[in-house]
Amino acid sequence: MNKERLLDLYYQMVLIRRVEERGAELYQAGKIGGFMHLYIGQEAVSTGLIAAREPRDRVITAYRDHGVAINCGISANEVMAELLGKVTGTSKGKGGSMHMASVEKNMWGGHAIVGGHLPIASGLALGDQYAGNDNVTICMFGDGATNIGYFHEALNLAKTWNLRVLWVCENNQYGMGTAVERASAVSEIRQKAEGYGMKNERVDGMDVLAVYEASKKAIDYVRTEGKPYMLEIMTYRFRGHSMGDPERYRTLPKPVPNRGWKSYSRMCS
Ligand SMILES: Cc1ncc(C[n+]2csc(CCOP(=O)(O)OP(=O)(O)O)c2C)c(N)n1
Ligand SMILES: [Mg+2]
């Protein structure tokens, strides 16, 4: 990757951080309605991942979507306008924080129901298979979503029908206030893909270049083999689950240089 490209990745991550810090201020000032979930701490995940896609590859995600929208090419102005409920927002101000979307940018939302968008991802990929192209659908979701029935139905169908979906679990080690180990039978979420005979890999999500490399490889595999693949990207949510989270369930660790996501492993639960 050349210097210009590296600077662009850095620019995108800082832009996401600044937009969300401003968003948090506006939320606290009562200017933004509804729920709002910040992506602060996880910026390297979608930045590295989406840098590896071609524009024809679809992206779909859950409600922690501001950063994903920006990485897909939706402007920071449109994201902020959407947060503020303005008609100039990416969903004309009617969706709000959890429903950033743009068909033009191949960003299929922003979905509030945990796990609800995974079958939609399989459907998008089925549409592409039917149309005879080799577009890849990139579906991002949280660790908590992998305990939902939809996750298992969608992965099973994707493998059975050889759909071109890259499943991307953002393991930020919590579903709201519940630590992964308390809610999931296996704490290495990638193991769940094994149950469906699907190739998978665990990646350090605090390293944008590691995410980029793994995503590039995974997208190439999905496109050329015509099969789904799962990435488990290890990360950490620096802020509360949503704006109303008093965070009594954890203390924030002090990051240790060069230890990647492991320096953000939970201090308590
Ligand atoms: C079907 C459903 N059940 C419960 C909720 C409430 N809820 C919102 S976010 C969340 C936790 C999801 O955690 P995870 O998938 O790890 O995503 P993260 O918030 O960590 O990004 C829950 C239980 C919901 N929105 N939808
Ligand atoms: Mg989570």
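Remember, it's a predicted structure, so these values are computed and weren't measured experimentally. Throughout, numbering of the chain's residues begins at 1 and tracks the sequence. Ligands are counted one by one from 1 in listed order, and the atoms in each one are counted from 1 as well.
- Per-residue contacts place Ala112 under 4.0 angstrom from the following atoms of ligand 1 (heavy atoms of the residue considered): 25 (N).
- No donor-acceptor pair closer than 3.5 Å links the side chain of Asp134 to the backbone N or O of Arg223.
- In this structure, the side chains of Ile120 and His111 come closer than 4.5 Å at one or more pairs of heavy atoms.
- Looking at His241 against ligand 1, only its side chain comes within 4.0 Å, counting heavy atoms.
- Here the side chain of Arg64 pairs a donor or acceptor atom with the backbone of Leu38 at under 3.5 angstrom.
- Among the atoms of Gln173, no N, O or S atom falls under 2.8 Å of the Mg ion (ligand 2).
- For the Mg ion (ligand 2), the N/O/S atoms of Glu170 include none lying under 2.8 Å.
- For ligand 1, the polar-atom distance check finds an N/O of Tyr174 within less than 3.5 Å of one of the ligand's N/O atoms.
- Sparse packing is recorded around OH of Tyr150, with 12 or fewer heavy atoms of other residues, nucleotides or ligands lying under 6.0 Å away.
- Other residues, nucleotides and ligands contribute at most 12 non-hydrogen atoms within 6.0 Å of the CD atom of Glu4.
- Of the polar atoms of Gly144, at least one N or O is found under 3.5 Å from an N or O of ligand 1, judged by distance alone.
- Among the atoms of Asn171, no N, O or S atom is found under 2.8 Å from the Mg ion (ligand 2).
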